[in-house]
Asker: 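Before I ask anything, here is the structure I am working with.
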Amino acid sequence: MSQLADNIILLLAALLLVGVFSTKFSTKFGMPALVLFLAAGMVLSQFVFFNNASLTQMAGIFALVVILFEGGMQTNIKDIKPVIRPALSLSTVGVIMTTAIVGVFAKLILDVTWPESFLFGAIVGSTDAAAVFSVLGGKNIDKRLTSTLEAESGSNDPMAVFLTVSLIEWIQHPDMAIWGLLLSFIWEMGIGLVLGFVLGKIAVFCINRINLDSTGLYPVMAIGFAVLTYGLSAWVHSSGLLAVYVMGLTLGNSELMYHRTIMNFSHGFAWMMQIFMFILLGLLVFPQELAEVAWQGILLSVILMVVARPIGVFISLHFSKFTIREKTLISWAGLRGAVPIVLATYPLLADLPHGRLFFNVVFFVVLTSAVIQGTSISPLASRLKLVGQEDSDQPSLMELVALGKTDSEFNHIGINPYMPIAGQKISEIGLPDDILFTAIIRNKKIVTPHGSTVIEPGDTVYVLSPKSKRDEMRAFFRSRKGKTAEEDVSLI
């Protein structure tokens with residue numbers, strides 16, 4: 001192997017480890033890790049010349065597929081159902097309002113044409129879930145707010161992509177009919193939703209039915225289905241990002257073999273893709289060019305944070321039940337991250353006259369938004385009294401873990417107060433001989449189950465049972481509400 005290849009591998013290893021350790025730094029200071037990744041790429045750009053926007057865009061899209069899939073897997077459908085309307089309003093009306101307002105100011109500040117100014121607005125129109133929740137992860141924010149932001153960030157990226165691509169086509173073909181764009185929007189979103197749901201169900205069926213030799217192949221299969229979902233959706237000209245998010249949502253809220261294994265793998269893989277994506281995006285920027293657009297970037301960033309985003313939020317949530325304090329936090333939590341920078345490569349590849357200008361200004365906007373808003377979200381949430389005490393209740397869960405090619409499987413089952421076995425001794429439950437309670441997790445301690453052991457709400461019970469008796473085993477955990485355990489907890 002050549003010395004150059006060895007040096008590149010060593011450099012990648014160093015960047016990966018620095019990226020991992022920097023997440024600890026970002027958590028301590030309340031700053032999204034993406035800022036440090038971007039900074040690392042910008043520093044590296046002083047020693048390595050990199051100007052391949054096509055490769056950056058391809059890597060960025062692949063990273064977004066992994067990130068959105070992981071975000072969908074982590075989203076509990078039970079949590080977002082009550083806020084689906086305001087979240088969709090934010091991801092449509094909110095994005096359009098933000099695009100329009102930023103576009104008007106971009107026309108005046110950047111001195112570009114109206115179509116180009118609205119293109120800039122569309123590029124910075126979507127929020128970044130990874131950045132928001134890396135900051136709010138340690139705070140017990142009202143579940144309605146976090147669920148709304150989560151659902152918004154998962155569904156507003158496709159809207160921003162659609163507006164960006166449509167406006168580029170409009171700039172290149174000014175005689176394009178507006179009705180064609182509307183029909184294209186309906187097609188992209190509608191088919192994206194359907195494909196995401198259908199392929200999600202197919203993925204669940206395959207993962208639960210195929211008996212692979214290695215446990216580690218199941219997460220690879222899940223990621224493969226996510227990439228397949230994007231590819232098929234793009235092939236039929238629908239929204240691939242929306243399809244991937246819906247596919248992850250379907251997978252994460254289904255009865256799934258190796259659910260936790262797939263979740264852990266996807267979470268780590270998503271972090272790795274974020275690190276490499278932001279470093280690569282940082283490589284595409286030249287600091288001296290940022291200095292030339294500093295005042296435009298600062299001004300547009302301030303307008304986005306204190307004018308466009310708040311107006312978009314308050315208008316789109318006008319008929320919701322959110323209070324002014326909650327709307328204020330939602331407005332300020334609209335961090336910009338991966339998607340705007342990836343979308344900023346589209347004008348570059350389309351050879352638009354101001355493509356490089358847009359990329360530099362967008363990069364500056366994202367950087368300042370992450371630094372200013374990212375470090376102040378948690379203090380603002382506390383000041384608005386939207387932070388409560390940590391919830392000590394354990395989340396209930398039910399997860400299947402197949403035991404290789406045997407006929408048995410493990411279930412990890414969270415006990416809630418509505419289950420009839422809650423408060424009963426194991427000897428009183430009447431378990432068949434081939435269904436065994438192997439361990440109980442209670443208050444972070446392992447309890448060895450005996451006949452006299454009482455099952456308490458909040459316990460996590462490990463059950464060994466034959467695959468053929470899965471339904472019989474689950475009948476013991478059917479809640480008094482008439483639902484099975486997994487329906488009660490949505491398989492989080």
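Basis for what follows: all heavy atoms, side chains included, without hydrogens, waters or symmetry-related copies. Along the sequence shown, the residues carry numbers beginning at 1.
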Asker: My understanding is that only residues two or more places apart in sequence, or in another chain, count here; which of them pass salt bridge (charged side-chain N to carboxylate O under 4.0 Å, His left out) with Arg325?
Answerer: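 Arg325: no salt bridge (charged side-chain N to carboxylate O under 4.0 Å, His left out) contacts found.
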Asker: Which residues pass the side chain to side chain contact (heavy atoms under 4.5 Å, CB included) test with Phe185, not counting sequence neighbours?
Answerer: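 By the side chain to side chain contact (heavy atoms under 4.5 Å, CB included) rule, Phe185 matches Met159, Phe162, Met189.
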Asker: Are the side chains of Leu335 and Ile377 in touch, meaning some heavy atoms are under 4.5 Å apart?
Answerer: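 With C-beta onward as the side chain, the pair touches.
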Asker: Between Leu290 and Met42, does the side chain to side chain contact (heavy atoms under 4.5 Å, CB included) criterion hold? Intermediate values first, please.
Answerer: CA-CA 11 Å; Leu290 288 184; Met42 292 171 65; 3.4 Å; yes
Asker: Just wondering, are more than 12 heavy atoms of other shown residues or ligands nearer than 6.0 Å to CG in Leu108?
Answerer: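 Correct, the count exceeds 12.
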Asker: Quick check: closest heavy atoms across Glu116 and Val112, and the distance to 0.1 Å?
Answerer: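 Smallest interatomic distance, heavy atoms only, reads OE1-CB, 3.5 Å.
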Asker: If you measure from CG on Leu256 to CD1 on Ile262, what distance do you get to the nearest 0.5 Å?
Answerer: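 These two atoms lie 4.5 Å from each other.
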Asker: Taking the side chain as C-beta and beyond, is there a heavy-atom pair between Phe105 and Leu110 under 4.5 Å?
Answerer: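 SC-SC contact between Phe105 and Leu110 ruled out.
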Asker: Which residue pairs pass the ring-ring contact (aromatic ring centres under 6.0 Å, His included) test when at least one of the two sits in residues 324-380, sequence neighbours left out?
Answerer: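 Counting only pairs at least two positions apart or across chains, the ring-ring contact (aromatic ring centres under 6.0 Å, His included) contacts touching residues 324-380 are Phe120-Phe358.
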Asker: Taking atom OG of Ser126 and atom CG of Asp157, what is their separation to the nearest 0.5 Å?
Answerer: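 One finds 4.5 Å between OG of Ser126 and CG of Asp157.
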Asker: Do Thr148 and Glu326 have side chains that approach each other closer than 4.5 Å (heavy atoms only, starting at C-beta)?
Answerer: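 Side-chain contact under 4.5 Å: no.
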Asker: List for me each residue that meets side chain to side chain contact (heavy atoms under 4.5 Å, CB included) alongside Ala308, sequence neighbours excluded, and say none if there are none.
Answerer: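 Testing Ala308 for side chain to side chain contact (heavy atoms under 4.5 Å, CB included), a comparison that skips the adjacent residues, returns Thr98, Ile101, Val102, Leu304.
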Asker: Looking at Trp114, I want to see if its CH2 is surrounded by more than 12 non-hydrogen atoms of other residues, nucleotides or ligands under 6.0 Å.
Answerer: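 Correct, the count exceeds 12.
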Asker: Would Ser266 and Ile223 count as a side chain to side chain contact (heavy atoms under 4.5 Å, CB included) if you check the C-alpha gap in whole Å, the side-chain angles of each, and the deciding distance to 0.1 Å?
Answerer: CA-CA 8 Å; Ser266 301; Ile223 293 294; 4.1 Å; yes
Asker: For Ser239 versus Pro158, what's the shortest heavy-atom pair and its separation?
Answerer: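 That closest heavy-atom pairing would be OG-CB, 3.1 Å.
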Asker: Does Ser155 have any side-chain hydrogen bond (donor to acceptor under 3.5 Å, both in side chains) partners at least two apart in sequence or in another chain, and if so, which?
Answerer: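 So Ser155 forms a side-chain hydrogen bond (donor to acceptor under 3.5 Å, both in side chains) with Ser91.
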Asker: Looking at OG of Ser316 and CD1 of Ile311, how far apart are the two atoms once the value is rounded to the nearest 0.5 Å?
Answerer: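 So the OG of Ser316 and the CD1 of Ile311 are separated by 11.5 Å.
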Asker: May I ask you to test the Thr164-Leu119 pair for a side-chain heavy-atom distance under 4.5 Å?
Answerer: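 Thr164 vs Leu119: side chains touch.
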Asker: Which distance, rounded to the nearest 0.5 Å, do you find between the CG of Leu299 and the OG1 of Thr368?
Answerer: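 The distance works out to 11.0 Å.
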Asker: Working to the nearest 0.5 Å, report the span between OG1 of Thr56 and CG of Leu284.
Answerer: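 Between Thr56 OG1 and Leu284 CG, I get 4.5 Å after rounding to 0.5 Å.
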Asker: Side chain to side chain contact (heavy atoms under 4.5 Å, CB included) with His267: which residues, sequence neighbours excluded?
Answerer: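 His267: side chain to side chain contact (heavy atoms under 4.5 Å, CB included) contacts with Glu70, Gln74, Trp271.
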Asker: Quick check: closest heavy atoms across Val104 and Phe118, and the distance to 0.1 Å?
Answerer: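 It is N-CE2, 4.3 Å.
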Asker: Filter on ring-ring contact (aromatic ring centres under 6.0 Å, His included), then keep only pairs touching residues 231-253, sequence neighbours left out; what's left?
Answerer: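 Output for this query is empty, none listed.
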Asker: Would you say that Thr127 contacts Leu90 through its side chain, given a criterion of any heavy-atom pair below 4.5 Å between the two side chains?
Answerer: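 Not in contact.
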Asker: How would you list, by chain and number, every residue that makes a side-chain hydrogen bond (donor to acceptor under 3.5 Å, both in side chains) with Ser369, sequence neighbours excluded?
Answerer: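 With neighbours one apart ignored, the set is Gln373.
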Asker: Mind checking what makes side-chain hydrogen bond (donor to acceptor under 3.5 Å, both in side chains) contact with Gln57, not counting sequence neighbours?
Answerer: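 side-chain hydrogen bond (donor to acceptor under 3.5 Å, both in side chains) check on Gln57 returns Thr345.
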Asker: Find out whether Thr250 and Val246 are in side-chain contact, i.e. whether some heavy atom of one side chain is under 4.5 Å from a heavy atom of the other.
Answerer: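 Touching, per the 4.5 Å side-chain cut-off.
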Asker: Consider side-chain contact (heavy atoms from CB on, under 4.5 Å). Of Leu167, Ile123, Leu357, Val362, which one does Pro347 pass it with?
Answerer: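 So the option named by the test is Ile123.
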Asker: Any idea which heavy atoms bring Asn253 and Leu249 closest together, and the distance?
Answerer: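 Closest heavy-atom pair between Asn253 and Leu249: ND2-O, 2.8 Å.
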Asker: Quick one: closest heavy-atom pair of Val361 and Gly297, and the distance?
Answerer: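 Taking Val361 first and Gly297 second, the nearest heavy atoms are CG1-CA, 4.2 Å.
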Asker: With rounding to the nearest 0.5 Å, note down the distance linking CD1 in Ile202 to CE in Met247.
Answerer: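 Atom-to-atom, Ile202:CD1 and Met247:CE are 9.5 Å apart.
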Asker: Taking the side chain as C-beta and beyond, is there a heavy-atom pair between Leu241 and Val339 under 4.5 Å?
Answerer: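 With C-beta onward as the side chain, the pair stays apart.
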Asker: Go through the structure and list residues passing side-chain hydrogen bond (donor to acceptor under 3.5 Å, both in side chains) with Ser89, not counting sequence neighbours.
Answerer: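 Listed in chain order: nothing, the list is empty.
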Asker: So, the side chain of Arg85 versus the backbone of Val83: is there a donor-acceptor pair under 3.5 Å, distance only?
Answerer: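 Side chain of Arg85 to backbone of Val83: no pair is present.
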Asker: Keeping to residues at least two apart or across chains, list the salt bridge (charged side-chain N to carboxylate O under 4.0 Å, His left out) pairs with something in residues 301-319.
Answerer: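 Qualifying pairs, neighbours excluded: Glu152-Arg309.
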Asker: Could you list the residues that satisfy side chain to side chain contact (heavy atoms under 4.5 Å, CB included) with Met221, not counting sequence neighbours?
Answerer: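 Met221 satisfies side chain to side chain contact (heavy atoms under 4.5 Å, CB included) with Cys206, Ile207, Ile210, Leu212, Phe225 only.
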Asker: Count the heavy atoms belonging to other residues, nucleotides or ligands that lie under 6.0 Å from CZ of Phe269, then report whether that count exceeds 12.
Answerer: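 Check passes, neighbour count above 12.
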Asker: I would like to know whether Thr113 and Ile171 meet side chain to side chain contact (heavy atoms under 4.5 Å, CB included); could you show each step before the answer?
Answerer: CA-CA 9 Å; Thr113 64; Ile171 292 171; 5.7 Å; no
Asker: Step by step, would you call Leu242 with Glu188 a side chain to side chain contact (heavy atoms under 4.5 Å, CB included)?
Answerer: CA-CA 9 Å; Leu242 179 61; Glu188 288 192 20; over 6 Å; no
Asker: State, to 0.1 Å, how close Val366 and Pro340 come at their nearest heavy-atom pair, and which atoms those are.
Answerer: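 Distance-wise, the nearest heavy atoms are CG2-CB, 3.9 Å.
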Asker: Indicate yes or no: at least one non-hydrogen side-chain atom of Val227 is less than 4.5 angstrom from one of Phe69.
Answerer: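 Of all side-chain heavy-atom pairs linking Phe69 with Val227, none is under 4.5 Å.
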